[in-house]
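All remarks here apply to the structure that follows.
Naming convention: chains lettered A, B, ... in sequence-line order (proteins, then strands); numbering from 1 in each chain.
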There are 2 protein chains.
Amino acid sequence: MAKTLGILGGLGPMAGAYFYQLVTALTAADCDQDHLRVVLTGFADTPDRTAYILDPTRPDPTPQMIEAAQTLEKMGAQILAMPCNTAHYFYDAVANSVRVPMLNIIEETLRLLCEKGAKKIGLLATAGTIFAGTYPMRAEKYGLVCEVPTAAEQTVVNEIIYGQIKQGKTPDIARFEKVANSLFARGCTHLVLGCTELSLLGQTFHLDERYVDSLYALARATVLACGATLRT
Amino acid sequence: MAKTLGILGGLGPMAGAYFYQLVTALTAADCDQDHLRVVLTGFADTPDRTAYILDPTRPDPTPQMIEAAQTLEKMGAQILAMPCNTAHYFYDAVANSVRVPMLNIIEETLRLLCEKGAKKIGLLATAGTIFAGTYPMRAEKYGLVCEVPTAAEQTVVNEIIYGQIKQGKTPDIARFEKVANSLFARGCTHLVLGCTELSLLGQTFHLDERYVDSLYALARATVLACGATLRT
């Protein structure tokens with residue numbers, strides 16, 4: 001019997017919706033009833049994660065994230081997934097607030113990178129994720145070296161996430177690729193789409209196999225962890 | 001203050017995920033926090049609606065739909081939307097099981113058709129929706145005449161919904177358009193995508209302005225009913 005999945009979404013809302021879509025698309029199913037039973041919270045009003053990580057005098061998103069996790073548990077979720085990389089800075093606080101297990105998007109992405117034979121990875125993520133160091137901190141145990149954009153390049157990545165994708169505007173793919181190419185030039189074998197808003201780029205633009213999407217990594221792990229079968 | 005939206009999804013799962021995505025895309029927002037607060041159930045294991053409508057000796061989906069509506073209310077939903085046309089056969093039972101209001105996809109679609117100046121509409125939907133008569137029953141009060149496919153054509157529509165889209169396969173757009181053209185030939189000014197699985201066709205194929213998508217109609221009405229602003 002497959003487990004009920006709790007999606008802690010809303011961080012941002014489009015990434016949460018796309019994650020649910022991805023989990024559905026990745027599940028082997030001949031009819032509705034073959035799919036996972038899902039509950040989802042999209043508490044979009046949760047304070048901005050990056051803002052708090054960079055400046056802890058700003059509103060703390062933790063209480064709302066804990067509220068979401070506990071709501072999902074009360075609704076019957078048996079396993080949680082939180083499709084937001086930046087929010088994983090708060091992973092311990094959220095995961096420890098419930099009795100059910102919560103998958104970790106950073107771990108799943110690093111595992112997928114290893115499967116793909118990555119050596120040196122470039123991190124495309126929010127300033128919050130970069131500052132928090134969640135990826136480099138865990139990359140080491142997988143034998144991966146983690147490269148980040150320069151300050152000027154990071155400004156471009158932030159602008160694409162906050163000034164374009166989160167506002168529903170068309171992202172500037174040329175500027176994105178300039179940052180990506182700079183990371184490849186520094187010897188990165190693979191680039192991590194380490195922000196679930198950047199995962200949305202893959203819906204519109206073709207990104208080759210050197211890009212590893214954290215949202216895909218989490219979705220794949222989620223299908224398996226819930227006991228469903230991956231669509232072949 | 002915008003209302004918390006409860007999405008009674010899972011009927012099917014892909015349509016529910018796409019509906020959440022559509023609501024998000026249609027909301028005017030400059031940042032995550034401008035979006036609606038959402039809770040969603042995706043009880044994919046709910047028995048098939050069409051099967052029960054056509055043969056009431058089959059498992060009744062009503063108890064699970066009521067459980068979903070009440071779960072959403074308990075999670076804080078202040079207004080409900082159920083992105084599934086076939087399930088609206090059970091609308092009264094579900095809507096009456098909770099204290100919060102529930103939007104009606106059939107009414108919202110018929111309203112949008114009127115806005116577009118429709119006179120005679122052709123209904124593309126599951127055999128369950130066709131048999132239940134939910135559209136023609138309500139179309140009259142809007143001054144709309146409702147045409148349905150022939151039995152042979154309906155077999156094609158069912159096959160596209162159940163044998164292709166719900167199974168994650170590429171839908172046969174040529175066969176779909178043959179049915180559509182037959183309805184246009186019978187004088188229909190507009191065709192209703194009256195099954196939220198058919199709404200998914202619009203993600204892959206270009207359907208002209210004579211097609212009115214029930215999922216879009218519900219999403220637009222939902223944004224407004226929750227007190228958010230439509231993106232222009």
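- For M14(B) against T24(A), the heavy-atom pair with the smallest separation is N-CG2, 3.9 Å.
- Considering only heavy atoms from C-beta on, Q64(A) comes within 4.5 Å of R37(B) through its side chain.
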Please walk me through it: do Y20(B) and L40(A) pass side-chain contact (heavy atoms from CB on, under 4.5 Å)? CA-CA 11 Å; Y20(B) 181 25; L40(A) 178 151; 3.7 Å; yes

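- With a 4.5 Å cut-off on non-hydrogen atoms, Y18(B) touches chain A through its backbone and its side chain both.
- I7(B) does not touch chain A: none of its heavy atoms, backbone or side chain, sits under 4.5 Å away.
- For a residue to count as touching a neighbouring chain, one of its non-hydrogen atoms must lie under 4.5 Å from one of that chain's; by this rule D48(B) touches chain A with backbone and side chain alike.
- Interface residue A29(B): only backbone heavy atoms are found under 4.5 Å from chain A.
- Atoms CD and CD, from Q203(A) and Q21(B) in turn, are 5.5 Å apart once rounded to the nearest 0.5 Å.
- In terms of heavy-atom proximity, F43(B) sits nearest to V39(A) at CE2-CG1, 3.9 Å.
- Heavy-atom distances place no part of Q70(B) under 4.5 Å from chain A, backbone and side chain included.
- Taking every heavy atom of both residues into account, R49(B) and D32(A) meet most closely at NH2-OD2, 2.8 Å.
- With a 4.5 angstrom heavy-atom cutoff, T41(B) touches chain A via backbone and side-chain atoms both.
- Contact annotation for L72(B): neither backbone nor side-chain heavy atoms come within less than 4.5 Å of a heavy atom of chain A.
- Neither the backbone nor the side chain of Q164(B) comes within contact range of chain A; no heavy atom of the residue lies under 4.5 Å from a heavy atom of that chain.
- R231(B) and Q167(A) are not linked by any side-chain donor-acceptor pair at a separation below 3.5 angstrom, with hydrogens and angles left out of the test.
- Neither the backbone nor the side chain of L5(A) comes within less than 4.5 Å of any heavy atom of chain B.
- Of the listed residues (A68(B), A25(B), A44(B), G10(B)), the one with the most heavy-atom contacts under 4.5 Å to chain A is A44(B).
- The most heavy-atom pairs under 4.5 Å with chain A, out of G168(B), G16(B), C31(B), G9(B), come from G168(B).
- Proximity to chain A is absent for every atom of T4(B), based on heavy atoms less than 4.5 angstrom apart.
- Annotation for F131(B): atom CZ does not count as buried by contact number, only 12 or fewer foreign heavy atoms lying within 6.0 Å.
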